[in-house]
Amino acid sequence: MLNITKTTNLSGSSTIDNQTAMTMFASVPKTGSPTISQTITNRDLYLSNQSECDSDYDSFKIEVDKLLTEEQ
């Protein structure tokens, strides 16, 4: 039996001085559980710019939340 689930994916990155400090990914299926992840790709850059990176993650999460609301 074939089962197909339509999923919307979002990706983002927190970039400082043309360098990526952190990447973010979200997968939001029409049904089932969404997933959200973040990866610190440059520890020193992240730590020295943590508040900006965290703000970027908060903005990313707002976009994911919008998508979750649309999917209902």
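As the structure is a computational prediction, the values presented were derived from the model and not from experiment.
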- prompt: Under the side-chain contact (heavy atoms from CB on, under 4.5 Å) criterion, do Phe60 and Leu10 qualify, and how do the steps go?
  reply: CA-CA 9 Å; Phe60 182 78; Leu10 299 174; 4.0 Å; yes
Exercise answer: donor-acceptor pairs, residues 35-45 side-chain atoms, under 3.5 Å, sequence neighbours excluded:
unit_1	atom_1	unit_2	atom_2	d
Thr41	OG1	Thr20	O	3.0
Thr41	OG1	Ala21	O	3.3
Asn42	OD1	Asp44	N	3.4
Asn42	OD1	Leu45	N	3.0

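Nearest heavy atom pair, residue Thr15 against residue Ser13, reads OG1-OG, 3.5 Å.
Among residues at least two apart or in separate chains, salt bridge (Lys or Arg N to Asp or Glu O under 4.0 Å) pairs with a member in residues 52-61 are Lys61-Asp65.
Atom OG of Ser59 and atom CE of Met24 lie 8.5 Å apart (nearest 0.5 Å). With rounding to the nearest 0.5 angstrom, the OG1 atom of Thr8 is 6.5 Å from the NZ atom of Lys30.
Side-chain contact between Thr7 and Val28 is absent, with no heavy-atom pair separated by less than 4.5 Å. Side-chain contact between Thr23 and Ser14 is absent, with no heavy atoms from C-beta onward closer than 4.5 Å.
For Ser27, the side-chain hydrogen bond (donor to acceptor under 3.5 Å, both in side chains) partners two or more places apart in sequence, or in a different chain, are Asn9.
Grouped with Ile4 in one hydrophobic cluster are Leu2, the linkage being side-chain heavy-atom contacts under 4.5 Å among Ile, Leu, Val, Met, Phe, Trp and Tyr residues.
Exactly one residue among Ile62, Val64, Leu68 makes a side chain to side chain contact (heavy atoms under 4.5 Å, CB included) with Lys66. That residue is Ile62.
Under the 4.5 Å side-chain contact rule for hydrophobic residues, Ile16 and Leu47 do not share a cluster.
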